[in-house]
Every structure is written in structure tokens, then in C-alpha cells.
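Naming convention: chains lettered A, B, ... in sequence-line order (proteins, then strands); numbering from 1 in each chain.
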Amino acid sequence: MKIGVITGTVVSTVKYERYRGMKMLKARNLTLEGEPVGEEFVVLDAADAGIGDIVLLNNDGGSAKMVTGDDQLIASMTVCGVVDHYTWRGKTVYCH
Amino acid sequence: MNIGIVIGSVVCTVKTRTLKGRRLLIVRRIVNGKPAGTVIACDATGEAGIGDWVYMIGRAEAALMLDPADPPPSDLTIAGIIDPETL
């Protein structure tokens, strides 16, 4: 899993039918120093995250099935947690 | 799921059997708001057209969205279209 930040929401009416009723967000990976890095992509939300939240991003289809509870689901990135704080190299980073 | 804009389509008469009846669209990938290269993706929604903002899954298992029993050999599959008015 990687730490990331939620940068926006996605509203999608025409989509793969198993995504109906699922919240979709736009997110980017963060380095542990806190700078956004890499590409902004669309993720499925399984942890009620909002814009600006520091979250745990999970990039595996198998765990997407477990997290959302639908074993036929095809997904790549899911939000599986909102980070309160993390301790790294002796310092604690508070995330909200 | 990577974001992109559909800018064209591809028609192949002679192709792999499982690609029969599948829509192949040319998508310009959008990385952080800037265009970055073009790819060809198989459309799982069946309704993406030129100018639509789409999000795509880039692994082979994503082709199971099209047909779980006999998936096409698509390494990039369009999973849905972002509503234009919410961009």
C-alpha cells in the first residue's frame, strides 16, 4: 500500500455495472515527506475518504474484491484507510 | 485507474477471435491535466465516444469486465466515462 492524497471526486454514470453505488475519487501518491508524486488517477473509495484526506491506497485487484466485498469486482486502486498520523525516521506526521 | 480522453477509434477486420465485436478506441492519456501520449484501449462500457473523458484499468485481468468466460487479450480496458459536467 502507498500513502496518497485525495485530490477530487469523480462522478461517472456510464461505467462498469459493478461500480454502481460506489464512490469514486481522484487521488495521487505522496512521498513520505508529503509531496505529491506521480500521476493523478481514479480510485474506488472503501473508507469514506474526502477531498484532502491523506489515505492508504491499495493497488491490487484481489484486495479490491475483499475490501468492497464483491468477489466479481474488477478494480485496481482502492482507498482502504484514512491515515491519522504516521511515524517515520523518528518524527510523527499528523495528517489532519 | 488512469484518466484519458477518447480521440479516435480503430477497426481491424483480421484479428484475434476474442477481439471480435469489441470496440477499440484511441485514447490520449492525461497525466495531471496534461496530455501524455496515446494508447489504444478496449471499451468495456460500449458507449465511449470521441471527446469523452474515460478512466482505464491497465492490466490483463481488466479484460474480464468484457467477458469473464472468454476475455479478449486487452491490456488496457476502459472502465467508465467521467460525466462531462463534473470535470
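Residue A:Lys2 qualifies as open at atom NZ: its count of foreign heavy atoms under 6.0 Å is 12 or below.
Of all the listed residues (B:Ile82, B:Thr45, B:Ile30, B:Asn32), the one sharing the greatest number of non-hydrogen pairs under 4.5 Å with chain A is B:Asn32.
Both B:Val39 and B:Val6 are part of a single hydrophobic cluster, where members link through side-chain heavy atoms under 4.5 Å apart. Hydrophobic cluster membership differs between A:Leu57 and B:Met1, with clusters built from Ile, Leu, Val, Met, Phe, Trp and Tyr side chains linked at under 4.5 angstrom. Each of A:Ile6 and A:Leu30 belongs to its own hydrophobic cluster when Ile, Leu, Val, Met, Phe, Trp and Tyr are linked at side-chain heavy-atom distances under 4.5 angstrom. Side-chain heavy atoms closer than 4.5 Å link hydrophobic residues (I, L, V, M, F, W, Y) into clusters, and following such links, even through other members, never connects B:Leu25 to B:Ile40. In terms of hydrophobic clustering, with Ile, Leu, Val, Met, Phe, Trp and Tyr side chains grouped at heavy-atom distances under 4.5 Å, B:Val31 and A:Leu25 are assigned to different clusters.
Applying the under-4.5 Å side-chain rule to Ile, Leu, Val, Met, Phe, Trp and Tyr, the cluster around A:Val67 consists of that residue alone.
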Working for side-chain contact (heavy atoms from CB on, under 4.5 Å), residues A:Lys26 and B:Ile3: CA-CA 10 Å; A:Lys26 268 194 260 192; B:Ile3 298 171; 3.9 Å; yes
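Only the side chain of A:Arg28 has a heavy atom closer than 4.5 Å to any heavy atom of chain B. Looking at B:Ala79, both its backbone and its side chain come within 4.5 Å of chain A, counting heavy atoms on both sides. Using a 4.5 Å cut-off between heavy atoms, A:Val10 touches chain B through its side chain atoms alone. With a threshold of 4.5 angstrom between heavy atoms, B:Ile78 does not approach chain A through any atom at all. Proximity to chain B (any heavy atom under 4.5 Å) is restricted, for A:Ala75, to the backbone atoms N, CA, C and O.
Of residues 80-96 of chain A, no residue lies under 4.5 Å from chain B by any heavy-atom pair.
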Which donor-acceptor pairs under 3.5 Å do side chains of residues 50-65 of chain B form with protein atoms, sequence neighbours excluded?
{"from": "B:Asp52", "atom 1": "OD2", "to": "B:Gly49", "atom 2": "N", "distance (Å)": "2.8"}
{"from": "B:Tyr55", "atom 1": "OH", "to": "A:Ser12", "atom 2": "OG", "distance (Å)": "2.9"}

Scan the side chains in residues 35-55 of chain A for donor-acceptor partners under 3.5 Å anywhere in the protein, sequence neighbours excluded, and list what turns up.
{"from": "A:Glu35", "atom 1": "OE1", "to": "A:Thr31", "atom 2": "OG1", "distance (Å)": "3.4"}
{"from": "A:Glu39", "atom 1": "OE1", "to": "B:Asn2", "atom 2": "ND2", "distance (Å)": "3.1"}
{"from": "A:Glu39", "atom 1": "OE1", "to": "B:Arg29", "atom 2": "NH2", "distance (Å)": "2.7"}
{"from": "A:Glu39", "atom 1": "OE2", "to": "B:Asn2", "atom 2": "ND2", "distance (Å)": "3.2"}
{"from": "A:Glu39", "atom 1": "OE2", "to": "B:Arg29", "atom 2": "NH2", "distance (Å)": "3.0"}
{"from": "A:Glu40", "atom 1": "OE2", "to": "A:Thr7", "atom 2": "OG1", "distance (Å)": "2.6"}
{"from": "A:Asp45", "atom 1": "OD1", "to": "A:Ala47", "atom 2": "N", "distance (Å)": "3.0"}
{"from": "A:Asp45", "atom 1": "OD1", "to": "A:Asp48", "atom 2": "N", "distance (Å)": "3.2"}
{"from": "A:Asp45", "atom 1": "OD1", "to": "A:Ala49", "atom 2": "N", "distance (Å)": "3.3"}
{"from": "A:Asp45", "atom 1": "OD2", "to": "A:Lys23", "atom 2": "NZ", "distance (Å)": "3.0"}
{"from": "A:Asp45", "atom 1": "OD2", "to": "A:Asp48", "atom 2": "N", "distance (Å)": "3.3"}
{"from": "A:Asp45", "atom 1": "OD2", "to": "A:Ala49", "atom 2": "N", "distance (Å)": "3.1"}
{"from": "A:Asp53", "atom 1": "OD2", "to": "A:Gly50", "atom 2": "N", "distance (Å)": "2.8"}

